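For reference, the structure discussed in these notes is given below.
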Amino acid sequence: GRATTYETRLRHADGHHIHVLISGSPRWQNGEVQGAITAVTDVTEQKKIEIALRESQARLQAVIDNFPFDFWATDRDGRYVLQSSISVKQWGNFIGKRNNEKMADLPLDTQEHWQDNHRRVMAGEAVQGETQHVVNGETRDFYYIIAPIHDGDDIIGMLGVDIDIDDLKRAERALKKSEESNRVFLERLKALHEVTIELTRAQTPRPPCYRIGTQRPQIRPARPVARG
């Protein structure tokens with residue numbers, strides 16, 4: 001005696017299957033059910049669109065989950081609609097939550113910086129820069145990009161990536177340290193070379209100098225000494 005609605009698949013007369021929505025309600029007469037009124041609606045095209053959309057979302061999520069960095073996207077109200085597996089691991093699952101909930105445990109100056117970036121992005125600007133996050137108790141360097149999501153002329157949300165560049169930063173610092181060590185070594189080697197030259201000059205005997213027009217002293221053989 002109650003109205004009901006459900007979906008099912010029916011076999012068409014030509015052999016293919018269709019998706020239908022069946023709605024039925026009882027027909028009352030004199031307080032008794034005398035029959036039913038049933039409507040059958042072909043929703044095959046709608047189901048195809050729903051299936052295609054679901055498969056597209058599954059493919060997109062598979063791609064995002066395999067990103068080797070933190071990726072996220074929000075709608076125009078700041079609610080998270082996409083998150084990569086690394087983002088979930090680092091921040092927790094924020095799907096359906098607002099970005100201010102994600103920032104709640106961050107230092108106040110970091111919150112203000114993030115909020116300023118989000119305002120700029122929702123105004124149409126893409127922002128990028130370097131920042132630091134604590135991951136598993138370790139402070140690491142990250143490079144971030146936040147950009148608006150456009151639907152025609154409308155901005156319907158924003159997306160962001162955080163790429164861990166800590167290993168690169170460590171390599172840069174090690175390279176700079178190595179270059180500085182090499183520079184100091186070369187400077188000391190140069191100084192040592194100059195000192196060596198001066199010492200060599202000081203220890204080398206110089207030939208006697210004579211004025212022009214004078215004769216060099218003649219060396220006479222020694223006379224034999226008489227004996228007896």
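Predicted model, so just to flag it, every value in this text is computed and none were measured.
Ion pairing between a basic and an acidic side chain is recognised when a charged N comes within 4.0 Å of a carboxylate O; Asp154 and Arg76 show no such pairing. Remark: Asp77 does not engage Arg98 in a salt bridge, criterion side-chain N to carboxylate O under 4.0 Å. Residues Glu138 and Arg170 are paired through a salt bridge, judged by an N-O separation under 4.0 Å between the basic side chain and the carboxylate.
Hydrophobic clustering (side-chain heavy atoms under 4.5 Å, transitive across Ile, Leu, Val, Met, Phe, Trp, Tyr) groups Phe71 together with Ile165. In terms of hydrophobic clustering, with Ile, Leu, Val, Met, Phe, Trp and Tyr side chains grouped at heavy-atom distances under 4.5 Å, Val43 and Tyr6 are assigned to different clusters. Note on Phe69 and Leu159: same hydrophobic cluster, where clusters join Ile, Leu, Val, Met, Phe, Trp and Tyr whose side-chain heavy atoms are under 4.5 Å apart, directly or indirectly. In the hydrophobic cluster analysis, where Ile, Leu, Val, Met, Phe, Trp and Tyr join through side-chain heavy atoms closer than 4.5 angstrom, Ile145 is grouped together with Ile149. Note on Met158 and Ile156: separate hydrophobic clusters, where clusters join Ile, Leu, Val, Met, Phe, Trp and Tyr whose side-chain heavy atoms are under 4.5 Å apart, directly or indirectly.
One finds the CD1 atom of Ile163 at 11.0 Å from the CG atom of Leu168 (value rounded to the nearest 0.5 Å). To the nearest 0.5 Å, atom CD1 of residue Ile22 and atom OG1 of residue Thr8 are 6.0 Å apart. Taken to the nearest 0.5 Å, the CD atom of Gln128 stands 11.0 Å off from the CG atom of Asn117. Interatomic distance, OG of Ser23 versus CD1 of Ile37, reported as 12.0 Å (0.5 Å rounding). Atom CD in Gln115 sits 11.0 Å away from atom OG1 in Thr110 (nearest 0.5 Å). The line from CG of Asp166 to NE2 of His133 is 12.0 Å long, rounded to the nearest 0.5 Å.
Taking 4.5 Å as the limit, some side-chain heavy atom of His150 sits within range of a side-chain heavy atom of Ile155. Inter-residue side-chain proximity for Ile18 and Arg9 is flagged as unmet; no heavy-atom pair is nearer than 4.5 Å. Side-chain contact between Val121 and Val127 is present, with heavy atoms from C-beta onward closer than 4.5 Å. Side-chain contact between Asp116 and Arg120 is present, with heavy atoms from C-beta onward closer than 4.5 Å. Using a 4.5 Å heavy-atom cutoff, the side chains of Leu82 and Leu60 are in contact. Within the 4.5 Å cutoff, no side-chain heavy atoms of Val20 are placed close to those of Glu7. Within the 4.5 Å cutoff, the side chain of Gln90 has heavy atoms near those of the Val135 side chain. Contact annotation: the side chain of His113 never approaches that of Asp109 to less than 4.5 Å [non-hydrogen atoms, C-beta and beyond].
Closest non-hydrogen pair, Asp162 versus Trp72, comes out as OD2-NE1, 4.2 Å. Considering all non-hydrogen atoms of both residues, Pro26 and Ala3 come closest at CD-N, 3.9 Å. In terms of heavy atoms, Asp167 sits closest to Asp164 at N-OD1, 4.5 Å.
Counting only distance, with no hydrogens or angles, the side chain of Asp70 and the backbone of Val161 share no donor-acceptor pair below 3.5 Å. In this structure a side-chain-to-backbone donor-acceptor pair under 3.5 Å is present from Gln83 to Gly92. Panel note: side chain Ser85, backbone Asp65; a donor-acceptor pair is recorded below 3.5 Å.
Between Gln46 and Glu50, the side chains place a donor N or O and an acceptor N or O closer than 3.5 Å (distance only, hydrogens not considered).
Between Phe94 and Tyr80, the two ring planes are tilted [angle within 30° to 60°]. The aromatic rings of His118 and Trp114 lie tilted to each other, with the angle between the two planes from 30° to 60°.
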Worked verdict on Tyr143 versus Lys169 for side chain to side chain contact (heavy atoms under 4.5 Å, CB included): CA-CA 11 Å; Tyr143 177 77; Lys169 285 292 187 179; over 6 Å; no

Full working for ring pair (Phe, Tyr, Trp, His ring centres under 6.0 Å) between Tyr144 and Phe142: CA-CA 6 Å; Tyr144 67 85; Phe142 287 82; over 10 Å; no

Residue pair Thr74, Arg79: steps toward the side chain to side chain contact (heavy atoms under 4.5 Å, CB included) verdict: CA-CA 5 Å; Thr74 65; Arg79 290 187 179 88; 5.9 Å; no

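Within a 6.0 Å sphere centred on CG of Asp14, other residues, nucleotides and ligands contribute more than 12 heavy atoms.
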